[in-house]
Amino acid sequence: MSNNQAVEYEVIENIGIIKGMNPPVNALSYLVRKGLVNTLKELTNNQKVEGIILIGDGKTFFAGADISEFGKPIQEPDLNQVINTFEESEKPIVAALHGTPLGGGLELAMGCNYRVALSSTKLGLPEVKLGIIPGAGGTQRLPRLAGIEKALSMITSGIPINTKDALKSGVIEEIYEDALIANALNFIKSKLHLERHPIVSKTSDKISNIDNQIFEVFSKKIEKKYRGRKSPLYAIEAVKASTNLDFTEGLKKERELFKICHGSKESSSLIHMFFSERQALKIPDIPKETKILSINSAAVIGCGTMGGGIAMNFANVGIPVVVIENSQASLDKGMKIIEKNYLNTVSKGRMSESDFKNKMSLIRGATNLDSISSVDVVVEAVFEEMTLKKEMFERIDKLAKENCILATNTSTLDIDEIAESTSRPAYVIGTHFFSPANVMKLLEIVRGKNTSKEVIASTMKLAKNIKKVPVLAGNCDGFIGNRMFHEYVRQAHALAEEGAKVADIDRVIYEFGWAMGPFAVNDLAGNDVGWRIRKRHKKEGKYDNLRYTSTVADQICELGRYGQKTDRGFYIYDTQTRQKQIDPEIDMMFEKVAKEKGIPRRNIDDNEILHRLSWALLNTGCMILQEGFALRASDIDVTYAYGYGYPHWRGGPMQYGQDYGLKKVLEEIEGFRENNPDMWPKCSYLEELVKENKKFN
Ligand code: T1G
């Protein structure tokens with residue numbers, strides 16, 4: 001029977017079953033909340049009903065509050081009211097969990113008397129990932145169920161746990177392999193004879209006599225791990241309240257802290273990220289029903305750092321992959337690195353020995369290109385050099401089977417030129433992985449002018465399957481990510497030539513929340529990579545007339561200071577510890593170059609460093625949007641958050657600028673342009689947005 005469209009119920013014998021019907025994830029929207037309360041009332045009044053099962057229809061139990069309602073006035077009943085009604089029910093309720101009971105969903109389940117689950121269920125309180133804390137009793141009920149340590153770990157990380165863990169820590173009572181409803185029916189029937197049923201908020205054994213030191217230890221850990229973030233710290237405070245306040249007061253404290261987080265920039269930025277990541281999957285000119293090519297086997301050409309990492313992505317999800325090198329020695333070396341990477345995970349206890357063996361068995365090495373003849377996708381990851389790539393694609397074209405996706409891992413080269421060396425440009429696409437390729441989540445997918453819709457849709461799907469976050473880019477030099485990064489690094493060099501110290505530039509960026517500053521990144525990636533690209537640009541006549549041309553970057557490469565791999569780059573690295581040390585020599589090199597170029601030196605404050613670097617990214621991002629090489633500003637934000645270590649909680653380079661105010665950003669850019677016209681190309685798209693007082697998309 002239907003209470004409203006979002007909640008239905010039925011009665012089987014003496015048990016009422018309340019079912020959430022809000023696809024795709026049963027988010028607890030207003031209609032669901034209202035439906036839940038009304039349905040419970042009906043079942044309470046139904047004399048025949050002695051016990052109740054709460055379940056979600058479709059792929060999951062309630063996966064949390066409806067995020068799209070955030071920021072709008074709350075329509076009652078709010079979730080706390082719903083949970084109270086369930087907790088006070090006269091008839092026992094079991095929450096039957098499957099899929100992803102997350103956030104408000106798990107909070108609702110904890111308001112029921114019992115919880116049982118299918119074994120594949122993942123349970124969690126991921127609110128900190130949205131810059132908030134659990135706001136419907138999660139910080140008060142989870143510690144009572146699972147203990148302080150488990151609650152702190154789950155709530156501050158936001159990472160869901162599996163059912164084994166949930167059973168062990170007392171969050172659920174039983175696990176089933178299948179037949180959830182039938183099992184839940186038996187479960188609740190077996191409890192009907194009891195006079196009393198457990199109520200989580202009324203228990204306290206697991207929160208008594210807690211040593212307060214645990215909160216300090218967690219806070220210290222969190223401050224380091226989530227540098228700059230506030231919500232995980234508020235979450236700790238809320239959990240602490242469960243130990244020194246009674247339930248009602250604890251709930252009030254949670255609400256108070258929830259409200260602080262709810263209105264924060266951290267939260268709006270992370271929510272922007274959540275929706276942007278999903279939006280990036282939608283390609284306007286590619287209909288949902290586009291045919292998807294199935295990918296059950298893969299080949300990766302090149303088993304260097306990138307190739308090996310790419311191959312691991314396939315093996316990790318059970319796709320057999322052949323890696324190809326041109327000599328047995330290089331292949332052996334590459335395979336050893338893959339093995340070492342996996343063994344590292346095993347030694348940390350994050351992978352079992354049998355899992356390791358299974359993954360390694362999916363990766364086969366070969367020195368002959370013929371091995372690609374039966375695979376569904378080939379990813380070329382050879383040296384970044386056009387002639388070499390074209391030769392390789394000519395050979396791949398001759399050997400690969402019909403319908404095979406031919407992907408290149410180029411980070412800057414022209415996809416169309418590569419595609420022209422084959423007889424099937426419709427099957428050629430860019431798949432730009434980020435280093436280390438087995439870790440970094442971003443996959444920049446580059447469409448050439450002839451890439452077919454099927455190939456684009458299939459590659460986007462493949463990216464999801466191998467657990468990457470895909471963003472579609474157009475075929476311009478450097479695509480989205482590196483085209484912007486190139487300007488960002490050029491700006492960093494200009495700052496250093498004008499008088500900012502290398503270490504100060506990196507410090508400002510690190511303090512802003514990036515994983516590393518631009519010079520440290522270059523040292524990590526290898527300064528020779530950019531050097532090669534600049535040499536190619538020079539050959540192509542690009543940037544010839546520019547005043548800032550990363551002169552010192554070229555000079556240090558001429559000195560063999562390629563970065564961490566040579567123990568010297570913009571910094572000096574300790575061979576053993578990798579600890580970096582400032583090298584005054586480098587700042588002197590910048591000073592010398594400035595003198596030669598006639599660039600006046602001055603003191604540059606942190607604010608100017610941050611804004612010039614931030615707006616260099618934003619201005620280039622706007623140029624990319626104007627030229628149609630990115631679909632939307634939010635795709636650029638996703639690119640930076642998942643591929644470049646940009647702090648998610650700042651929302652990405654475009655959103656950060658928009659939050660600051662595009663009008664102010666443009667005014668500052670115009671000021672910077674007076675000094676350095678060639679670094680700040682005028683972008684009519686940005687000017688138009690400001691003129692019309694509009695926002696991105
Ligand atoms: N609210 C609204 N929409 C949601 C949603 C939610 N909670 N979760 C997912 N969607 C949409 C999503 O935008 C997408 O839409 C579609 O559903 C499928 O999602 C009071 C305050 C559940 C693991 O943080 O982690 O409870 O793009 O592509 O890969 O304390 O979605 O198709 O139009 O991600 O199968 C806490 C967030 C909320 C869970 C499923 N809950 N969701 O992954 O599908 S805060 C969360 C997820 C809260 C309380 C607080 C995942 C998923 P579209 P999808 P999926």
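Throughout, numbering of the chain's residues begins at 1 and tracks the sequence. Read the numbers this way: they start at 1 and go in the same order the structure lists the ligands and their atoms.
By the criterion of a heavy-atom distance under 4.0 Å, neither the backbone nor the side chain of Leu28 is placed next to ligand 1. Proximity of Val25 to ligand 1, defined as any heavy-atom pair under 4.0 Å, is confined to the side chain (atoms from C-beta onward). Residue contacts with ligand 1, taken as heavy atom pairs separated by less than 4.0 Å, do not involve Phe61 at all. Contacts between Asp66 and ligand 1, counted as non-hydrogen atom pairs separated by less than 4.0 Å, involve both the backbone and the side chain. Contacts between Thr60 and ligand 1 below 4.0 angstrom, taking non-hydrogen atoms only, are absent altogether.
Residue-to-ligand polar distances keep Phe258 apart from ligand 1: every N/O pair is separated by 3.5 Å or more.
Summary of contacts: the protein heavy atom closest to atom 1 (N) of ligand 1 is Ile67 N, 2.9 Å. Atom 29 (O) of ligand 1 has as its closest protein heavy atom Lys464 NZ, 4.4 Å. Residue, atom and distance of the protein heavy atom nearest to atom 52 (C) of ligand 1 are Thr100 OG1, 4.3 Å. At the shortest separation from atom 12 (C) of ligand 1 among protein heavy atoms lies Arg278 CD, 3.7 Å. Scanning the protein heavy atoms around atom 50 (C) of ligand 1, the nearest turns out to be Glu127 OE2, 3.4 Å.
Shown here, atom 15 (O) of ligand 1 is out of close reach of the protein: none of its heavy atoms lies under 4.0 Å off. Counting only heavy atoms, the protein gets under 4.0 Å from atom 24 (O) of ligand 1. At least one protein heavy atom sits closer than 4.0 Å to atom 46 (C) of ligand 1.
Within ligand 1, the atoms closer than 4.0 Å to a non-hydrogen atom of Gly103 are 26 (O), 36 (C), numbered from 1 in the order shown. Every atom of ligand 1 with a heavy atom of Glu107 under 4.0 Å away is listed here by number and element: 20 (C), 30 (O), 49 (C). Residue Pro24 has at least one heavy-atom neighbour below 4.0 Å for each of these atoms of ligand 1: 16 (C), 17 (O), 18 (C). Atoms of ligand 1 lying under 4.0 Å from any heavy atom of Ile132, numbered from 1 in the order shown and given with element: 21 (C). Listed by atom number, the atoms of ligand 1 under 4.0 Å from Pro134 heavy atoms are 30 (O).
The shortest heavy-atom contact between Ile172 and Leu123 is CG2-CD2, 3.9 Å. Taking each heavy atom of Ile624 and Phe479 in turn, the nearest pair found is CD1-O, 4.0 Å. What you find for Tyr30 and Glu69 is that their closest heavy atoms are N-OE2, 2.8 Å.
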Take Gln279 and Ser634 through the side-chain hydrogen bond (donor to acceptor under 3.5 Å, both in side chains) test and state the conclusion after the steps.
CA-CA 8 Å; Gln279 181 78 359; Ser634 59; over 6 Å; no
Between Lys467 and Asn316, does a side-chain hydrogen bond (donor to acceptor under 3.5 Å, both in side chains) hold up when you go through it step by step?
CA-CA 9 Å; Lys467 304 204 159 52; Asn316 288 346; over 6 Å; no
Check the pair Thr100 / Thr60 against side-chain hydrogen bond (donor to acceptor under 3.5 Å, both in side chains), numbers first and verdict last.
CA-CA 6 Å; Thr100 47; Thr60 182; 3.2 Å; yes
Hey, mind stepping through Glu87 and Ser201 against side-chain hydrogen bond (donor to acceptor under 3.5 Å, both in side chains) and telling me if it holds?
CA-CA 9 Å; Glu87 203 173 55; Ser201 67; 3.0 Å; yes
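Within the cation-pi definition used here (under 6.0 Å to the ring centroid, within 45° of the axis), Arg632 does not qualify as a partner of Phe696.
Side-chain contact check for Pro198 versus Thr203: every heavy-atom pair is 4.5 Å or farther apart. Thr243 places none of its side-chain heavy atoms less than 4.5 Å from the side chain of Pro143.
At least one heavy atom of Gly135 sits closer than 4.0 Å to an atom of ligand 1. Using a 4.0 Å cutoff on heavy atoms, Lys282 counts as a contact of ligand 1. Residue contacts with ligand 1: Lys59 is included, with a non-hydrogen atom under 4.0 Å away.
For atom 37 (C) of ligand 1, the choice among Phe70, Phe275, Phe274 with the nearest heavy atom turns out to be Phe274. For atom 7 (N) of ligand 1, the candidate residues are Ala63, Gly64, Ala27, Ala65; the nearest heavy-atom contact is made by Ala65.
Between Tyr644 and Tyr640, the two ring planes are parallel [angle under 30°; tilted spans 30° to 60°].
Between Tyr226 and the choices Lys230, Arg229, Glu223, the side-chain contact (heavy atoms from CB on, under 4.5 Å) rule is met once, by Arg229.
Put simply, CG on Leu462 and OG on Ser294 are 11.0 Å apart, with the number rounded to the nearest 0.5 Å.
In summary, the side chains of Glu177 and Ser119 do present a donor paired with an acceptor at a separation below 3.5 Å, with no hydrogens or angles considered.
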